[in-house]
Enquirer: 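I'd like to ask you about the structure that follows.
Positions are given from 1, in the same order as the sequence printed here. Fair warning: this is a prediction, and the values are worked out from it, not measured in the lab. Quick note: numbers below take in every heavy atom, side chains included, and nothing from hydrogens, waters or symmetry partners.
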Amino acid sequence: MKNIKNLILGCGVLILLMTACTKDEIKYDTSVVRNYELELNGDPWNLNVGISTLPIFIYKENGDYFGNYSSLYRFALNNGQYSFIATDIPAQMITSPVNLKDLIIPQLVTADQKVNLSAAVPYASPFSDTLKMNILTRTGTLRLKAKDIVADPSYVNIKVTVFVKRTGYKPVDETFVQGDMSVNKTKKTTTGGINYLDDFIVFQTDDTANNVRAKIEFMDANSVIVKTKEFAGTFPVLPNGITNVDFNLNDPDTPIIKDYVVTINGVVVPN
C-alpha cells in the first residue's frame, strides 16, 4: 500500500512539473508588442481612445494573414517574424484575409476612395524595438472645374471618363499594377454646365507615362449623347495632392479642349 501511495504521489509531482514546464514554454514562446509610432503622411497619428477601429494588420513570415489589431492596446504574438501594415481606414483598405503577396488594393471605377496604407514593415520577436509605420496616401485627386458664365441648355447630364494607367496597388513591395483602365462619374446640371465641379480620386502617377486623360460626354435627359469633348493633354496626379483643371465646358466648336489652366496643390503648371 505504501508503494502505491508513493507511486501516486510521484505521478502527481511529475504532472505538476510538466504543467509548470508547459506554462514556462508558453510564456517564453510569446512576446508582447508594446510600442508604436504611427504617422499619416509624415505627421503623428493616433487612434482616438474609445474608437473600435483596428488600424494594424499582421501577416506571418510566409505572407499568410494573421490578424487585425487596435493600436490602443498591447498584445502578445508567438515568437517569430511578421509583417505589419497600418491604415487609418481599415474597413475600406483590406477587406479580405488574403496572403500579403496576393493583396492588391484596386482602383475603384467610382473614383471616390483614397488609398491610405503604410509599407509592409518587418517586425520580429522579441518586439523590443518601437514599431514605426508611416501611413501614406497613394492616391491624389483630379478636380475638373468649369468656369463658364454662359449656359448651354442642350444637355442636362455631364459624364466624365478619366483614363488611368494604374489599376491597383500592392502593399507587399509598394508597387502599382500597370494597366489601362477608365473610371467615370455622371453629374446632373440644372445650369447648363455653369459651376460644374467634380473630383476623381486615382492612383498617383509618379511619371509622365502614367498621366491621366479625360473625356466629357454631354447627354440629354434620356442619356443620349449630344456632343463629346476631350482634353488635349494629360494630367499628373500627386500623392495626397489636388490637380485642379479650370476650363470652359461650353466653348462652341471645341471638340478638343486646349484652353485650360492646371494648378497642382495651388501652383500653376504649364500645359
Enquirer: Does the side chain of Y36 come within less than 4.5 Å of V33's, by heavy atoms?
Expert: yes

Enquirer: Is atom CD1 of I149 surrounded by more than 12 heavy atoms (other residues, nucleotides or ligands) closer than 6.0 Å?
Expert: no

Enquirer: Could you tell me whether the side chain of D220 and the main chain of N222 form a donor-acceptor pair under 3.5 Å?
Expert: yes

Enquirer: Does some side-chain heavy atom of T243 sit less than 4.5 Å from a side-chain heavy atom of V262?
Expert: yes

Enquirer: So, taking the atom named CG in D251 and the one named CG in D148, what distance separates them when rounded to the nearest 0.5 Å?
Expert: 6.5 Å

Enquirer: Name the one of V212, D207, T208 that satisfies side chain to side chain contact (heavy atoms under 4.5 Å, CB included) with N210?
Expert: D207

Enquirer: How are the rings of F127 and Y82 set relative to one another: parallel (under 30°), tilted (30 to 60°) or perpendicular (over 60°)?
Expert: tilted

Enquirer: Would you say I58 and Y123 make side-chain contact, with heavy atoms under 4.5 Å?
Expert: no

Enquirer: Cluster question for you: counting only ILVMFWY and a side-chain heavy-atom cut-off of under 4.5 Å, with indirect links fine, are V164 and V245 together?
Expert: yes

Enquirer: Using a 4.5 Å cut-off on heavy atoms from C-beta on, say whether the side chain of L136 contacts that of P239.
Expert: no

Enquirer: So, taking the atom named CD in E217 and the one named OH in Y155, what distance separates them when rounded to the nearest 0.5 Å?
Expert: 13.5 Å

Enquirer: Check the surroundings of atom NZ in K229: do more than 12 heavy atoms from other residues, nucleotides or ligands lie under 6.0 Å from it?
Expert: yes

Enquirer: Does the side chain to side chain contact (heavy atoms under 4.5 Å, CB included) test come out yes or no for Q204 and N240, once each step is laid out?
Expert: CA-CA 8 Å; Q204 63 193 69; N240 201 36; over 6 Å; no

Enquirer: So with a 6.0 Å cut-off around CG of N195, is the heavy-atom count from everything else above 12?
Expert: no

Enquirer: Do R143 and D198 sit within salt-bridge range, that is, some charged N less than 4.0 Å from a carboxylate O?
Expert: no

Enquirer: May I ask you to test the F247-T254 pair for a side-chain heavy-atom distance under 4.5 Å?
Expert: no

Enquirer: Would you please name every residue forming a salt bridge (Lys or Arg N to Asp or Glu O under 4.0 Å) with E61, sequence neighbours left out?
Expert: none

Enquirer: Can you tell me how far the OG1 atom of T228 sits from the CD1 atom of I256, to the nearest 0.5 Å?
Expert: 10.0 Å

Enquirer: Working note: L249 + F218, criterion side chain to side chain contact (heavy atoms under 4.5 Å, CB included); need CA distance, chi angles, decisive distance, verdict.
Expert: CA-CA 10 Å; L249 276 169; F218 303 80; 3.6 Å; yes

Enquirer: Could you report the tightest heavy-atom contact between L108 and Q113, atom names first, then the distance?
Expert: CD1-CB, 3.5 Å

Enquirer: Does atom NZ (K227) have a neighbourhood of more than 12 heavy atoms from anything else shown, all under 6.0 Å?
Expert: yes

Enquirer: Let me see the working for V115 and F203 under side chain to side chain contact (heavy atoms under 4.5 Å, CB included), right down to the final yes or no.
Expert: CA-CA 8 Å; V115 173; F203 284 120; 3.7 Å; yes

Enquirer: Donor-acceptor pair, N184 side chain versus V160 backbone, under 3.5 Å?
Expert: no

Enquirer: How far apart are the closest heavy atoms of S70 and I56, and which atoms are they?
Expert: O-CD1, 4.5 Å

Enquirer: Looking at OG1 of T263 and CG of D246, how far apart are the two atoms once the value is rounded to the nearest 0.5 Å?
Expert: 6.0 Å

Enquirer: Can you name the closest pair of heavy atoms from I94 and L117 and give their distance?
Expert: CD1-CD2, 4.4 Å

Enquirer: So does G192 get a backbone contact from the side chain of N250, meaning a donor-acceptor N/O pair under 3.5 Å?
Expert: yes

Enquirer: Linking I/L/V/M/F/W/Y whenever their side-chain heavy atoms sit closer than 4.5 Å, directly or via other members, would F176 and V237 fall into one cluster?
Expert: no

Enquirer: Please say whether more than 12 non-hydrogen atoms of neighbouring residues, nucleotides or ligands are located less than 6.0 Å from NZ in K185.
Expert: yes

Enquirer: Is the F235 to Y260 ring centre distance short of 6.0 Å?
Expert: yes

Enquirer: With respect to N41, which candidate in D88, T137, N134, N116 satisfies the side-chain hydrogen bond (donor to acceptor under 3.5 Å, both in side chains) definition?
Expert: T137

Enquirer: Which atom names give the shortest non-hydrogen contact between I104 and G168, and what distance separates them?
Expert: CG2-CA, 4.0 Å

Enquirer: Side chain to side chain contact (heavy atoms under 4.5 Å, CB included), that's the test. Do R166 and Q107 meet it? Break it down for me.
Expert: CA-CA 7 Å; R166 289 176 161 177; Q107 168 65 62; over 6 Å; no

Enquirer: Which value, rounded to the nearest 0.5 Å, describes the distance between D29 atom CG and L77 atom CG?
Expert: 12.5 Å

Enquirer: Please check: side-chain N/O of Q178 versus main-chain N/O of K165, any donor-acceptor pairing under 3.5 Å?
Expert: yes

Enquirer: Report yes if some heavy atom in the side chain of F231 is under 4.5 Å from a heavy atom in the side chain of L144; otherwise report no.
Expert: yes

Enquirer: Under the 6.0 Å and 45° cation-pi test, does K215 pair with F163?
Expert: no

Enquirer: So which atom in T141 and which in I201 form the shortest heavy-atom distance, rounded to 0.1 Å?
Expert: OG1-CG1, 3.9 Å

Enquirer: State, to 0.1 Å, how close L38 and A86 come at their nearest heavy-atom pair, and which atoms those are.
Expert: CD2-CB, 4.2 Å

Enquirer: Is there side-chain contact between T205 and T234, with at least one heavy-atom pair below 4.5 Å?
Expert: no

Enquirer: Does L103 share a hydrophobic cluster with V177, counting links as ILVMFWY side-chain heavy atoms below 4.5 Å and allowing steps through other members?
Expert: no

Enquirer: Any side-chain heavy-atom pair from K159 and N157 closer than 4.5 angstrom?
Expert: no

Enquirer: So is K60 actually on top of F66's ring, under 6.0 Å and inside 45° of the axis?
Expert: no

Enquirer: Find the distance between OG1 (T161) and CD (E230) and round it off to the nearest 0.5 Å.
Expert: 9.5 Å

Enquirer: Say whether F84 and Y69 are linked into one hydrophobic cluster, either directly or through other cluster members, by side-chain heavy-atom distances under 4.5 angstrom.
Expert: yes

Enquirer: With the threshold set at 4.0 Å, does a side-chain nitrogen-carboxylate oxygen contact exist between E174 and R138?
Expert: yes

Enquirer: Take D64 and N62 through the test side chain to side chain donor-acceptor pair (under 3.5 Å) and record every step on the way to the result.
Expert: CA-CA 6 Å; D64 284 347; N62 65 357; 3.1 Å; yes

Enquirer: What about Y59 and M133, same hydrophobic cluster or not, with Ile/Leu/Val/Met/Phe/Trp/Tyr joined at side-chain heavy-atom distances under 4.5 Å?
Expert: no

